[in-house]
Amino acid sequence: MWRTDPDEQMLRDTINRIGRDFGPDYFLAKARAHEHTHELWQAAAEAGLVGVNLPEEHGGGGMGIAELAVVAEEFAATGSPLMMIVVSSAICGSVIARFGNPEQRKEWLPSMTAGDSIFAFAITEPDAGSNSHALTTRATRDGDGWVLRGQKYYITGVDVADHILVVARTGTDQKGHGELSLFVVDADAPGLRKDPIPVALTLPERQYTLYFDDVHLSEDRLIGRAGEGLRQVFAGLNPERILGAALANGVARYALDRAATYANQRQVWGVPIGSHQGLAHPLAEAFVQVELARQMTSVAAREYDQGRNAGMASNVAKLAAADAAMMAVDRSMQAHGGNGFAEEYGIAEFWSLARFLKTAPVSREMVLNFVAERGLGLPKSY
Ligand SMILES: Cc1cc2nc3c(=O)[nH]c(=O)nc-3n(C[C@H](O)[C@H](O)[C@H](O)COP(=O)(O)OP(=O)(O)OC[C@H]3O[C@@H](n4cnc5c(N)ncnc54)[C@H](O)[C@@H]3O)c2cc1C
């Protein structure tokens, strides 16, 4: 369709080949059982895709968030949206690669890129929600190290993670905002309790509430500088938004592709249902929105990779992509008629992921707040 850079096309072809070997039936079986897509993860790691954005000296591909976004989008387009690419490679990988010291990078990045270890990421708290300044999980000095105490919720993939990158308060500034720091906590650390949260999402990943009850951390578990966590976390949050957008774009492409196939084959009045404009135009409209979201996602990824402030582009891409994905999945379901709800056709179960991306990793309302203030210069309302 549009001309794609030959290197990018080669990357897309590689991902597509691996993704198709597994396919939506594999993914959905895992998702229904809430089991990790271990085999696919390993295949992706062996092809160098899990750490495509991480430094070559640590086994990564030495490329950027743009290429990682291609990985997330293309796997999702084959029917396998991999959330842990967002959490582990995009957020945690980016933060450790950028702010970890040489020993920390050597300790955690090679096993991450090899697919041998996975990181979860924990910032959200029950009493703080969208307001990261109000986090209460606290790390306090304890001799040569730290003691961590507090609670996080909706933390994805803790059951398959070896480590969790935790955002904790280590002080309070003059405005009463938390001075935040980042710590690597082992997923089996003494004092850490993990309670699953049942959620109505067809995803391999489970969600957890985490209780840190005096978890002891050595000094080498602090990433970067104490108190600079918020600045550091933004090195991971823009990639998270870009990768969230990429997942949404991939799911949308998958749904539209399925819809087009079905609408070309299914006949009810002696012609394919796709020849009725009442069915074709809604799909074509969704296609337009998805392509616009893909372009914005690519702009955001380039901004980030070129070291520019990618906040606006990442937020705009995330919102546009989530909306486009919801539209695409919904219209694909409509095109499938009753079969849109059948497990066999593999459409309806992707609705929950598309809808989830409207709420997370940053909610639609918080994106609009950001755009209203930074893009339009309107007063802050909260
Ligand atoms: C399946 C799942 C997986 C997740 N994985 C992770 C993870 O791995 N790690 C992690 O740290 N977090 C994770 N989250 C948390 C997710 O990022 C948050 O749920 C999301 O950011 C919203 O925060 P909240 O749930 O506390 O909602 P709240 O902050 O309580 O907001 C509730 C509603 O109020 C709106 N609202 C709040 N403030 C304003 C305002 N000022 N103006 C207008 N509207 C406002 C919000 O947009 C939202 O619609 C996950 C969540 C889910 C559901």
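Just so you know, ligand 1 is whichever comes first in the structure, and atom 1 is the first atom listed for that ligand. Throughout, numbering of the chain's residues begins at 1 and tracks the sequence.
- A cation-pi arrangement is found for Arg193 relative to Tyr211, the charged atom lying closer than 6.0 Å to the ring centre and inside a 45° cone about the ring normal.
- Within a 6.0 Å sphere centred on CD of Gln277, other residues, nucleotides and ligands contribute 12 heavy atoms or fewer.
- When only non-hydrogen protein atoms are considered, atom 10 (C) of ligand 1 lies nearest to Thr124 OG1, 3.3 Å.
- In this structure, Leu54 CG and Met112 CE are separated by 6.5 Å, a value rounded to the nearest 0.5 Å.
- In this pair, Tyr345 and His336 present their aromatic rings perpendicular. The plane angle is above 60°, beyond the 30 to 60° band.
- Residue Pro361 touches ligand 1 through its backbone alone, judged by heavy-atom distances below 4.0 Å.
- Within ligand 1, the atoms closer than 4.0 Å to a non-hydrogen atom of Leu201 are 1 (C), numbered from 1 in the order shown.
- Counting the atoms of ligand 1 from 1 in the order shown, those under 4.0 Å from a heavy atom of Met366 are 38 (N), 39 (C), 40 (C), 41 (N).
- Atom 19 (O) of ligand 1 is never approached by the protein to below 4.0 angstrom, counting heavy atoms only.
- With hydrogens and angles left out, the side-chain atoms of Thr137 and Glu125 include a donor and acceptor closer than 3.5 Å.
- With a 4.0 Å cut-off on non-hydrogen atoms, Leu203 does not touch ligand 1 at all.
- Between Phe356 and ligand 1, not a single N/O pair is under 3.5 Å apart.
- Close contacts between ligand 1 and Ile155 involve ligand atoms 7 (C), 8 (O), 9 (N), 10 (C), 11 (O) [criterion: under 4.0 Å to a heavy atom].
- Selection from Tyr154, Phe121, Tyr153 by nearest heavy atom to atom 13 (C) of ligand 1 gives Tyr154.
- Within the 4.5 Å cutoff, the side chain of Arg331 has heavy atoms near those of the Glu285 side chain.
- Within 4.0 Å of atom 30 (O) of ligand 1, not a single protein heavy atom is present.
- Of all atoms in ligand 1, listed by their number and element, those nearer than 4.0 Å to a heavy atom of Thr359 are 20 (C).
- When atom types are taken as modelled, the side chain of Arg105 and the backbone of Gly100 share a donor-acceptor pair closer than 3.5 angstrom.
- Looking only at protein heavy atoms, the nearest one to atom 48 (C) of ligand 1 is Glu365 OE1, 4.0 Å.
- Checking only distances, Tyr382 never comes within under 3.5 Å of ligand 1, N or O to N or O.
- Applying the 4.0 Å criterion to heavy atoms of Gly129 picks out, from ligand 1, the atoms 26 (O), 29 (O).
- No side-chain N or O of Gln9 forms a donor-acceptor pair with one of Asp5 less than 3.5 Å apart.
- Inside a 4.0 Å radius of atom 36 (N) of ligand 1 there is not any protein heavy atom.
- Between Leu237 and Phe121 the shortest side-chain heavy-atom distance falls below 4.5 Å.
- The proximity of Asn369 to ligand 1, defined as any non-hydrogen pair under 4.0 Å, is limited to the side chain.
- The shortest contact between atom 8 (O) of ligand 1 and any protein heavy atom is with Thr156 N, 3.0 Å.
- Side-chain polar atoms of Glu205 and Thr156 form no donor-acceptor pair below 3.5 angstrom.
- In this structure, atom 33 (C) of ligand 1 has no protein heavy-atom contact shorter than 4.0 Å.
- Here the heavy atom of the protein found nearest to atom 28 (P) of ligand 1 is Ser130 OG, 3.7 Å.
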- Message: Assess the residue pair Arg294 and Glu291 against the criterion (salt bridge (Lys or Arg N to Asp or Glu O under 4.0 Å)); give the C-alpha distance rounded to whole Å, side-chain angles, the decisive distance to 0.1 Å, and a yes or no.
- Response: CA-CA 5 Å; Arg294 293 181 71 209; Glu291 288 307 312; 3.2 Å; yes
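- Distance from atom 46 (C) of ligand 1 to its nearest protein heavy atom, with residue and atom name: Ser363 OG, 3.6 Å.
- When side chains are defined from C-beta on, Lys318 counts as touching Val362, because their heavy atoms get closer than 4.5 Å.
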- Evaluate the side chain to side chain contact (heavy atoms under 4.5 Å, CB included) criterion for residues Glu67 and Asp305: first the C-alpha distance (whole Å), next the side-chain angles of each, then the deciding distance (0.1 Å), finally the verdict. CA-CA 10 Å; Glu67 287 76 12; Asp305 286 338; 4.3 Å; yes
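- Considering backbone and side-chain atoms together, Ile123 places an N or O closer than 3.5 Å to an N or O of ligand 1.
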